[in-house]
Amino acid sequence: MGKKKKNGPYKKSSWTSHLGRLTEKGKLKNGKLDGVFEIYYDNDQLYTRGNYTEGIPVGLWEYFYDSGLLQRKTHYNEQGEEDGYFEKYHENGKLADTGYYKNAEFDGLHKMFYENGQVSMRRWYNDGQALGDPEYFNQDGEPIDFDEYLAELEELEEERAAEELEMTSGEFYVEHF
């Protein structure tokens with residue numbers, strides 16, 4: 001049995017259920033990830049980039065769609081907890097979600113957005129505790145109640161499913177010889 005490498009380059013590839021094959025690259029120091037760490041999709045497009053300090057994720061971490069567009073960015077404190085400003089993006093590149101973490105808890109204003117860029121939900125937090133009720137909006141920016149908001153999301157989901165079906169329906173009729 002060869003003994004495990006404690007220092008130097010680190011590389012590992014594995015299959016996931018929904019992302020295909022991912023390849024991790026980084027450096028080991030005393031057997032722990034240390035320094036720049038990256039994960040790549042099968043198509044060599046970057047999936048994740050961040051830094052480790054003695055096995056703990058720290059600082060800015062970015063996550064990408066396999067198209068290359070940014071999916072999410074967040075910050076980690078010295079303990080490896082999400083801390084500070086974060087952003088998530090829709091696949092079209094527009095903002096999906098923004099806010100702040102304080103020791104891995106929501107803190108301050110949390111906003112969610114529709115794919116057209118319009119704010120869909122707004123809520124304030126203090127140390128993980130929600131302050132007041134969330135505010136909901138339709139895609140035109142008009143205030144709506146929670147039931148209307150759910151109906152809006154359901155409608156968008158149905159539209160997206162119909163679009164995806166349209167895009168893939170042609171592929172099912174390929175004749176095999």
Side-chain angles (χ1 to χ4, degrees), residues 14-22 37-43 45-51 56-172:
S14 57
W15 288 92
T16 72
S17 57
H18 64 293
L19 296 172
R21 187 168 146 269
L22 295 179
F37 178 75
E38 295 172 331
I39 302 177
Y40 291 85
Y41 286 106
D42 230 354
N43 64 3
Q45 196 68 252
L46 185 64
Y47 170 54
T48 305
R49 177 192 290 133
N51 275 283
I56 296 169
V58 292
L60 172 67
W61 277 67
E62 295 174 307
Y63 302 82
F64 300 86
Y65 288 107
D66 59 5
S67 65
L69 285 173
L70 191 61
Q71 183 178 35
R72 183 165 83 97
K73 66 180 180 183
T74 190
H75 294 80
Y76 292 89
N77 62 20
E78 308 298 303
Q79 288 76 48
E81 298 170 324
E82 285 193 79
D83 197 84
Y85 185 66
F86 73 88
E87 288 177 349
K88 290 180 187 166
Y89 295 85
H90 290 292
E91 284 195 64
N92 68 4
K94 291 195 189 289
L95 268 177
D97 209 340
T98 65
Y100 292 87
Y101 283 114
K102 188 167 147 190
N103 302 322
E105 302 266 16
F106 282 144
D107 193 58
L109 181 60
H110 179 208
K111 290 196 285 192
M112 294 173 79
F113 302 83
Y114 292 110
E115 286 183 344
N116 71 359
Q118 178 60 51
V119 172
S120 64
M121 191 278 297
R122 238 184 358 216
R123 190 167 205 177
W124 286 90
Y125 289 85
N126 185 21
D127 285 336
Q129 295 298 309
L131 303 176
D133 292 324
E135 299 171 272
Y136 301 104
F137 304 89
N138 66 18
Q139 290 194 86
D140 296 323
E142 297 155 348
I144 54 177
D145 67 27
F146 183 64
D147 289 337
E148 291 171 303
Y149 177 66
L150 286 182
E152 191 94 1
L153 293 180
E154 206 169 288
E155 193 178 306
L156 284 170
E157 200 51 53
E158 284 170 14
E159 280 174 27
R160 191 177 298 117
E163 278 172 24
E164 283 176 18
L165 191 64
E166 238 171 71
M167 283 171 17
T168 58
S169 62
E171 297 168 17
F172 297 128

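All of these numbers come straight from a predicted model, not from anything done at the bench. These values consider heavy atoms only, across backbone and side chains, with no hydrogens, waters or symmetry-generated copies.
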Trace of the side-chain contact (heavy atoms from CB on, under 4.5 Å) decision for Tyr85 with Thr98: CA-CA 8 Å; Tyr85 185 66; Thr98 65; 3.7 Å; yes
Gln139 vs Leu156, side-chain contact (heavy atoms from CB on, under 4.5 Å): CA-CA, chis, key distance, verdict: CA-CA 10 Å; Gln139 290 194 86; Leu156 284 170; 3.4 Å; yes
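Asp147 contributes atom CG, which lies 10.0 Å from atom OH of Tyr136 (distance to the nearest 0.5 angstrom). The line from OG1 of Thr48 to CZ of Arg72 is 8.5 Å long, rounded to the nearest 0.5 Å. The CD1 atom of Ile144 sits 5.0 Å away from the CG atom of Asn138 when rounded to the nearest 0.5 Å. Between atom CE of residue Met121 and atom NZ of residue Lys111 there is a gap of 11.0 Å, rounded to the nearest 0.5 Å. Atom OH of Tyr125 sits about 11.0 Å away from atom CG of Asp107, to the nearest 0.5 Å. Separating the CD atom in Glu62 from the NE2 atom in His75 is a distance of 8.5 Å, to the nearest 0.5 Å.
A 6.0 Å sphere centred on CD of Gln129 holds no more than 12 heavy atoms belonging to other residues, nucleotides or ligands.
With contacts defined as side-chain heavy-atom distances shorter than 4.5 Å, the pair Lys94/Asn116 does not qualify. A 4.5 Å side-chain heavy-atom check between Val58 and Asn77 finds every atom pair outside the cut-off. At least one side-chain heavy atom of Glu81 sits less than 4.5 Å from a side-chain heavy atom of Asn103. Put simply, the side chain of Arg122 reaches to within 4.5 Å of the side chain of Phe137, judged on heavy atoms. Proximity of Tyr76 to Thr74: side-chain heavy atoms (C-beta onward) are separated by under 4.5 Å at one or more points.
Under the 4.0 Å criterion applied to side-chain N and carboxylate O atoms, Arg160 and Glu157 are assigned as salt-bridge partners.
Taking the six-membered ring for Trp, Phe64 and Tyr47 have ring centres at least 6.0 Å apart. Tyr100 has its ring centre no less than 6.0 Å from the ring centre of Phe86.
In this structure, Tyr65 contributes its side chain and Tyr89 its backbone to a donor-acceptor pair below 3.5 Å. No side-chain donor-acceptor contact under 3.5 Å links Asp66 to the backbone of Tyr41. The main-chain N or O of Leu46 is never found under 3.5 Å from a side-chain atom of Glu38 such that the two would form a donor-acceptor pair. A donor-acceptor contact shorter than 3.5 Å links the side chain of Asn43 to the backbone of Gln45. The main-chain N or O of Leu60 is never found under 3.5 Å from a side-chain atom of Arg49 such that the two would form a donor-acceptor pair. Checked by atom type and distance alone, the side chain of Glu158 never pairs as donor or acceptor with a backbone atom of Glu155 at under 3.5 Å. Panel note: side chain Trp61, backbone Lys73; no donor-acceptor pair is recorded below 3.5 Å.
Looking at every heavy atom in both residues, His110 comes nearest to Asp97 through NE2-OD1, 2.5 Å. Here the closest non-hydrogen pair linking Ser120 and Tyr149 is O-CE1, 3.4 Å. For Glu78 against Ile56, the heavy-atom pair with the smallest separation is O-CG2, 3.6 Å. Tyr114 and Leu153 make their closest contact through CE2-CD2, 4.1 Å (heavy atoms, listed as atom of the first residue, atom of the second, distance). For the pair Arg123 and Gly132, the tightest heavy-atom approach, listed with the atom from each and the gap, is NH2-O, 3.1 Å.
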